[in-house]
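Take a look at the structure below.
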Amino acid sequence: MRFVTWNINSVRLRIALLERLIDRLNPDVICLQETKVPDAEFPKQPLQTLGYDHLHVHGMKGYNGVAILSRVPLSDTRAHDWCGKRDCRHIVAGLAGGIDLHCLYVPSGGDVPDPEQNPKFKHKLQFLDELTEWSATSGILSRTAVLVGDLNIAPLENDVWSHKDMLTVVSHTPVEVDRLDRLRAARDWVDVARHFVPADEKLYTWWSYRAKDWERSDRGRRLDHIWVTPDLTPKLAGFEVFRAARGWQPKPSDHVPVVLDLAL
DNA sequence: ATGGTAGCGTAGCTA
């Protein structure tokens with residue numbers, strides 16, 4: 001079974017690129033972040049035409065928004081609210097075989113990496129803390145699961161173009177990397193990218209729109225992640241960062257799709 | 001040190 005996660009940065013604007021992605025990768029399940037559309041206006045029809053009959057969409061006007069598009073049935077679909085906000089950042093669906101699929105969009109955190117000065121950074125840390133607490137107490141701990149999405153943190157040295165220069169830049173500061181580690185440790189999640197790609201190798205899933213030439217400067221970050229519970233480790237069959245999509249014209253997303261194959 | 005681009009929606013917020 002092939003899973004793809006992609007921060008698409010507006011699903012309506014990039015529906016043609018989503019169709020191209022489907023043509024190239026033929027995923028069974030697609031998880032999207034930053035759909036930026038209320039549920040009633042989600043472009044369901046073109047996806048159903050392509051065989052994605054099982055849709056779990058959770059969006060709002062203008063910002064955020066997550067979605068799961070599937071060719072296989074989804075059960076027990078639900079959404080979670082964190083930090084007292086209804087901001088459409090976390091949905092879950094059940095797959096055959098008792099597997100939970102989490103699609104997540106963690107707050108970006110603003111510019112200043114200080115929770116006292118910057119409410120957005122405080123929100124990011126609190127969001128991760130609430131998720132970690134919930135992971136440890138909700139009973140979901142014992143379930144087999146796949147977690148994907150834009151976690152907006154690049155935890156390892158080679159998840160950013162320059163570890164030294166990025167230590168004070170939101171997405172790679174020690175305080176948020178520590179919070180992400182605690183979340184990962186709460187269920188002993190396996191970081192699938194680093195299962196397949198050695199930690200001494202640079203690996204990015206996002207490149208800023210602001211670079212003159214994203215490909216040449218290659219100042220990327222690994223913000224988009226795929227995690228699985230340890231019982232799925234023997235089923236890990238393939239992984240890819242679909243870097244080519246960053247150059248798709250016109251108007252690429254600043255994030256690229258990330259692919260997981262599971263031998264279920 | 002600064003400012004650079006993009007999406008939504010049509011100003012200014014968010015990333």
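As a basis for the values below, the full set of heavy atoms in this structure was taken, side chains included, without hydrogen atoms, waters or symmetry mates. Below, chain A is the first sequence line, B the second, and so on; all start at residue 1.
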Problem - C1' spacing across the pair B:dA1 / B:dG12, given as an integer number of angstrom - result: 25 Å
Practice task
Check the side chains of A:Asn152 and A:Lys124 for a donor-acceptor pair under 3.5 angstrom, ignoring hydrogens and angles.
Solution key: no
Completion exercise
Here the gap from A:Leu101 atom CG to A:Leu95 atom CG, rounded to the nearest 0.5 Å, amounts to 5.5 Å
Handout entry: Reported CD-to-CD1 distance for the pair A:Glu34 and A:Ile8, which is rounded to 0.5 angstrom
Key = 11.0 Å
Practice task
Assign the ring pair A:Trp82 / A:His90 to parallel, tilted or perpendicular, where the plane angle (0 to 90°) is split at 30° and 60°.
Solution key: parallel
Practice task
Rounded to whole angstrom, note down the C1' distance from B:dT14 over to B:dT10.
Solution key: 16 Å
Fill in the blank from the handout: Counting primed atoms, P, OP1 and OP2 as sugar-phosphate and everything else as base, the B/S/- map of nucleotides 2-15 of chain B against protein heavy atoms under 4.0 Å is --BBSBSS---BSB
Practice task
Determine, using ring centers only, whether A:His255 and A:Trp207 are less than 6.0 Å apart.
Solution key: no
Practice task
Considering only atom C1', compute the distance from B:dG3 to B:dG9 and round it to an integer number of Å.
Solution key: 24 Å
Handout entry: A:Gln33 and A:Asp150: side chain donor to acceptor below 3.5 Å
Key = no
Exercise for the section: Using the P atoms only, state how far B:dT2 lies from B:dA6, rounded to an integer number of Å. Expected result: 23 Å
